[in-house]
Novice: 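Below: one structure in structure tokens.
Hydrogens, waters and symmetry mates play no part in the numbers below; they use all other heavy atoms, side chains included.
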Amino acid sequence: MLDPSHTVFFLCDVQTRFRSAIYGFDELVATCNKMIKVAKVLDIPVIATQQNPKVFGATAPEIDLPALADLHVATIEKSLFSMMVPEVKNLLQERPHLTSVVLFGIESHICVLQTALDLVQGGYDVHVLADGVSSSNKEEVPIALAYIRQVGGHVTTSESAAFLLQRESGTPRFRAFSAVIKEEKENTTKTSQKLLQYRSCL
């Protein structure tokens, strides 16, 4: 079960140069922003990475990382496909209470997959958002998600993960949480229709 006090969000390589190459990029960004809002309400830290930013550019500017303030732990540049570079490992080691990772970003069959494999191997509880990952070829996505599930990761959706983290309605944060869900309802529908239609076999 996901617990906000033991969870970190991983935002993987959603960068400007990938905009025209990735299937459903705009919908993917919408999911990223939804999860940033959830992180802000539930006080969940976020770690982002950029794959070779000199080549692929910075994190897409419409992703509202600044809204997180101190919850945005770091954005790490990397050349390794996996997010589990030494800098990220150090951040996790400094926060041993973080035992669950909610993972979203691109590409599902490369950086997301290899990150999930490293996290599972490292003993983390991994939840990959099916409506928060994509690839240049959409056909790659369900195969990558199936692989992640086979090795012990969990494949879920942004809505499901958010409610797992919230857990109940009788908390002081529920009003703010509910407001985010209502505010994101249209985006959630559009994103689900775009990004989940080829993943229903999971």
Side-chain angles (χ1 to χ4, degrees), residues 1-14 22-24 27-39 41-49 71 73 81-84 88-89 91-92 95-135 138-168 177 180-181 184 187-189 191-202:
M1 179 71 72
L2 284 170
D3 182 332
S5 62
H6 297 293
T7 299
V8 59
F9 287 177
F10 271 22
L11 171 61
C12 185
D13 305 350
V14 184
I22 298 297
Y23 177 79
E27 289 78 10
L28 174 69
V29 166
T31 297
C32 294
N33 278 326
K34 175 183 178 179
M35 297 311 291
I36 285 171
K37 291 177 182 179
V38 170
V41 169
L42 300 180
D43 290 326
I44 296 171
V46 177
I47 296 173
T49 55
L71 288 171
V73 177
F81 294 132
S82 172
M83 290 181 70
M84 290 297 281
V88 173
K89 288 181 179 179
L91 291 171
L92 292 176
R95 298 162 174 82
H97 62 288
L98 298 177
T99 55
S100 295
V101 178
V102 175
L103 174 60
F104 44 98
I106 54 179
E107 288 191 59
S108 60
H109 64 298
I110 306 173
C111 298
V112 171
L113 172 62
Q114 293 187 34
T115 300
L117 294 178
D118 284 346
L119 286 166
V120 169
Q121 187 175 28
Y124 289 91
D125 176 40
V126 182
H127 298 253
V128 180
L129 304 185
D131 59 337
V133 298
S134 195
S135 294
K138 62 182 182 293
E139 294 81 6
E140 294 276 6
V141 181
I143 296 170
L145 294 178
Y147 191 168
I148 291 167
R149 179 175 282 170
Q150 286 168 4
V151 300
H154 306 283
V155 178
T156 185
T157 65
S158 61
E159 195 92 343
S160 182
F163 275 92
L164 279 171
L165 287 160
Q166 174 60 34
R167 295 191 69 175
E168 60 175 305
F177 174 83
V180 168
I181 297 302
E184 291 294 318
N187 283 334
T188 298
T189 299
T191 299
S192 297
Q193 291 171 347
K194 183 77 171 185
L195 295 180
L196 296 182
Q197 60 178 320
Y198 298 104
R199 305 164 198 187
S200 59
C201 62
L202 294 168

Novice: Please determine whether side chain to side chain contact (heavy atoms under 4.5 Å, CB included) holds for the pair Asp125 and Thr99, giving the CA-CA distance in whole Å, both sets of side-chain angles, and the decisive distance to 0.1 Å.
Specialist: CA-CA 6 Å; Asp125 176 40; Thr99 55; 5.8 Å; no
Novice: Would you check if Arg149 and Val128 make a side-chain contact, meaning some heavy-atom pair closer than 4.5 Å?
Specialist: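 Side chain of Arg149 against side chain of Val128, heavy atoms only: no contact under 4.5 Å found.
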Novice: Counting only N and O atoms by type, is there a donor-acceptor contact under 3.5 Å from the side chain of Ser100 to the main-chain atoms of Leu2?
Specialist: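 No; zero donor-acceptor contacts below 3.5 Å.
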Novice: Closest heavy-atom contact between Ala144 and Ser108?
Specialist: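 So the minimum-distance heavy-atom pair works out to CB-O, 3.4 Å.
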Novice: Would you check if Leu71 and Val46 make a side-chain contact, meaning some heavy-atom pair closer than 4.5 Å?
Specialist: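 Heavy-atom side-chain distance check fails, nothing below 4.5 Å.
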Novice: For Phe104 and Met35, work out which heavy atoms get closest and say how close.
Specialist: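 For Phe104 versus Met35, the nearest heavy atoms are CZ-CB, 3.7 Å.
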Novice: Kindly compute the distance separating OG1 (Thr188) from NZ (Lys34), expressed to the nearest 0.5 Å.
Specialist: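 Going from the OG1 atom of Thr188 to the NZ atom of Lys34 covers 3.0 Å.
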Novice: What heavy-atom pair brings Pro4 and Ile44 nearest, and what distance separates the two atoms?
Specialist: O-CG1, 4.0 Å
Novice: Atom CG of Leu92 and atom NZ of Lys89: how far apart are they, to the nearest 0.5 Å?
Specialist: 10.0 Å
Novice: Are the side chains of Val38 and Glu184 in contact, using a 4.5 Å heavy-atom criterion?
Specialist: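 Sidechains of Val38 and Glu184: no contact.
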Novice: Using modelled atom types and a 3.5 Å cut-off, is there a donor and acceptor pairing between side-chain atoms of His6 and backbone atoms of His97?
Specialist: yes
Novice: What heavy-atom pair brings Thr31 and Gly132 nearest, and what distance separates the two atoms?
Specialist: CG2-CA, 3.7 Å
Novice: Between atom CG of Asp43 and atom OG1 of Thr7, what is the distance when rounded to the nearest 0.5 Å?
Specialist: 12.0 Å
Novice: To the nearest 0.5 Å, how far apart are CE in Met83 and CG in Leu119?
Specialist: 8.5 Å
Novice: If you define the side chain from C-beta out and look only at heavy atoms, does anything of Tyr124 sit under 4.5 Å from Leu103?
Specialist: no
Novice: Going by heavy atoms in the side chains, are Leu98 and Pro45 under 4.5 Å from each other?
Specialist: yes
Novice: When you measure from the side chain of Ser135 to the backbone of Val141, do you find a donor-acceptor pair of N or O atoms at a distance under 3.5 Å?
Specialist: no
Novice: Do the side chains of Leu113 and Phe81 get nearer than 4.5 Å, heavy atoms only?
Specialist: no
Novice: Mind checking the OG-CD spacing from Ser134 to Glu27? Nearest 0.5 Å is all I need.
Specialist: 9.0 Å
Novice: Rounded to the nearest 0.5 Å, what separation is found between the CZ atom of Phe177 and the CZ atom of Phe163?
Specialist: 4.5 Å
Novice: How far apart are the closest heavy atoms of Thr156 and Ala161, and which atoms are they?
Specialist: OG1-N, 3.9 Å
Novice: What is the minimum heavy-atom distance between Val151 and Val120, and which atoms define it?
Specialist: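 Closest heavy-atom pair between Val151 and Val120: O-CG1, 3.2 Å.
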Novice: Got Phe10 and Met84 here, is their nearest side-chain heavy-atom distance under 4.5 Å?
Specialist: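 Yes; the side chains approach each other to less than 4.5 Å.
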Novice: Looking only at the side chains, is there a donor atom on one of Asp131 and Thr191 sitting less than 3.5 Å from an acceptor on the other?
Specialist: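 Side chains of Asp131 and Thr191: no pair found under 3.5 Å.
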Novice: If you count heavy atoms of other groups shown closer than 6.0 angstrom to CZ of Arg167, is the number above 12?
Specialist: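 Not more than 12 within 6.0 Å, no.
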